Amino acid sequence: MNRLSFLDDTAPSAARRLLGCYIKRHVDGQTITARIVETEAYDATDAASHSFKGETKRTKVMFGPAGYLYVYFTYGMHYCCNIVVGSEGYGAAVLIRAVEPVEGKDYMEKRRGKSGVQATNGPAKVCQAMNIDIADNGTDLINGAVQLVEQPEVEESKITTTSRIGISAAKQTPWRFYITDNPYVSRK
DNA sequence: AGCGGGATTTTCT
DNA sequence: GAAAATCCCGCTT
């Protein structure tokens, strides 16, 4: 087992557990670190998930083992990144919807052309800020240019659970999680 | 503060 | 050919 064994869990459990963890990005000769503050869970039983209708070329990474990065392109101009969770062969992942800059805040604000919470309070904003695109799809989160660093679990009492944003199917499923009162959360 | 539309292209039917 | 796990800007209250 590796240090990311906590990802081998159901998508909603892993999504809760990922709150507070760090994403480290190695790019342009520097290290960028961000704390995950908002997530959404998707799995194969879920009509809103890319994996719902089975594996395709696009969702191949989702069906692989946990601990890899799943990046997809959408709306003709945006990338969103997910952390693959659960068993190999089962399509599940957790969307990173918002992060709080820990290291390299200037780099992120410069790439975004925005400052403060506007730099990283949305899934496509996170990717733009951290310079993540389709070339990073399938990255190993232990050894790759994008890494996941486990942090102490966020207390259940500090986590808010809601329905997900921006989907048309399974709108009621309460699989969105965020750190209550964190200013970088995309929306209440 | 809230609503509505436009941008822009990959992916799957 | 339509939809898309979004963002930004402008217009109206």
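What you see is a predicted model; the values in this text were computed from it and never measured. Here is how names work: the chains are called A, B, and so on, in the same order as the sequence lines, proteins then strands, and each is numbered from 1.
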Colleague: Could you check whether A:A124 gets within reach of a base, just the sugar-phosphate, or nothing at all, counting any heavy atom under 4.0 Å?
Modeller: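 Contact class for A:A124: sugar-phosphate only.
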
Colleague: Partner lookup for B:dT8, please. Criteria are Watson-Crick or G-U wobble with both distances under 3.5 angstrom; report none if nothing qualifies.
Modeller: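 By the stated definition (distances under 3.5 Å), nothing pairs with B:dT8.
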
Colleague: Can you confirm whether the side chains of A:Y42 and A:E40 place a donor and an acceptor under 3.5 Å from each other?
Modeller: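 There is such a pair (donor and acceptor under 3.5 Å, judged by atom type) between the side chains of A:Y42 and A:E40.
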
Colleague: For A:F73, which contact category applies under a 4.0 Å heavy-atom criterion: base, sugar-phosphate, or nothing?
Modeller: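 Sugar-phosphate only.
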
Colleague: Identify whether any heavy atom of A:I167 sits under 4.0 Å from a base atom; if not, whether one sits that close to sugar-phosphate; answer base, sugar-phosphate or nothing.
Modeller: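 Sugar-phosphate contact only.
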
Colleague: Give none if C:dA5 has no partner; otherwise give the nucleotide forming a Watson-Crick or G-U wobble pair with it, both distances under 3.5 Å.
Modeller: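 The answer is none; no pair meets the criterion.
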
Colleague: Would you say CD of A:Q172 has more than 12 non-hydrogen atoms from neighbouring residues, nucleotides or ligands within 6.0 angstrom?
Modeller: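 Atom CD in A:Q172 is not crowded, with 12 or fewer foreign heavy atoms closer than 6.0 Å.
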
Colleague: For a quick check of understanding: with a heavy-atom distance under 4.0 Å over all strands, which category does A:R176 fall into, base, sugar-phosphate or nothing?
Modeller: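 Result for A:R176 = nothing.
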
Colleague: Reading DNA chain C from 5' to 3', where do the contacts with chain A start and stop? Cut-off is 4.0 Å to heavy atoms.
Modeller: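 Both ends considered, the range comes out as C:dA4 to C:dC9.
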
Colleague: Rounded to the Å, how far apart are A:R187 CZ and B:dG2 C1'?
Modeller: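 The distance from CZ of A:R187 to C1' of B:dG2 comes to 12 Å, rounded to the nearest Å.
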
Colleague: Can you check the distance between C:dA3 and B:dG5, where both ends of the measurement are the P atom (answer in whole Å)?
Modeller: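 Here C:dA3 and B:dG5 have their P atoms 16 Å from each other.
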
Colleague: Figure out the OH/C1' separation between A:Y75 and B:dG5, and round it to whole Å.
Modeller: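 A:Y75 atom OH is separated from B:dG5 atom C1' by 13 Å.
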
Colleague: Within the structure provided, determine whether A:V185 and A:T180 are in side-chain contact (heavy-atom separation under 4.5 Å).
Modeller: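 When only atoms from C-beta onward are counted, A:T180 and A:V185 do not touch, as no gap falls below 4.5 Å.
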
Colleague: So is A:R35 actually on top of A:Y22's ring, under 6.0 Å and inside 45° of the axis?
Modeller: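 Not flagged: A:R35 not positioned over aromatic ring of A:Y22.
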
Colleague: Would you call A:R17 and A:E150 a side-chain contact if the rule is heavy atoms closer than 4.5 Å?
Modeller: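 A side-chain contact exists here, since the closest heavy-atom pair is under 4.5 Å.
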
Colleague: Base, sugar-phosphate, or nothing for A:R164, non-hydrogen atoms under 4.0 angstrom?
Modeller: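 Counting heavy atoms under 4.0 Å across all strands, no contact is made by A:R164.
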
Colleague: Starting at the 5' end of DNA chain B and moving along, which residue's nearest nucleotide shows up first, A:T59 or A:G76?
Modeller: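 Closest to the 5' end, via its nearest nucleotide, is A:G76.
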
Colleague: Could you walk me through whether A:Y72 and A:H50 satisfy the ring-ring contact (aromatic ring centres under 6.0 Å, His included) test, starting with their C-alpha distance in whole Å, then the side-chain angles of each, then the deciding distance to 0.1 Å, before giving a yes or no?
Modeller: CA-CA 10 Å; A:Y72 67 87; A:H50 292 168; 4.6 Å; yes

Colleague: Mind checking A:K114 for me? I need base, sugar-phosphate or nothing, with any heavy atom below 4.0 Å counting as a touch.
Modeller: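 Contact class for A:K114: sugar-phosphate only.
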
Colleague: Round to a whole Å and report the spacing from NZ of A:K57 to P of B:dC12.
Modeller: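 My rounded result for the distance is 9 Å.
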
Colleague: Quick one: on DNA chain C, does A:A93 or A:K125 contact a more 5' nucleotide (nearest heavy atom)?
Modeller: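 In this pair, the answer is A:A93.
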
Colleague: Rounded to the Å, how far apart are A:N137 CG and B:dT10 C1'?
Modeller: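 About 13 Å, once rounded to whole Å.
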
Colleague: CG of A:L7 to SG of A:C21: how many Å apart, nearest 0.5 Å?
Modeller: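 A:L7 atom CG to A:C21 atom SG measures 8.0 Å (nearest 0.5 Å).
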
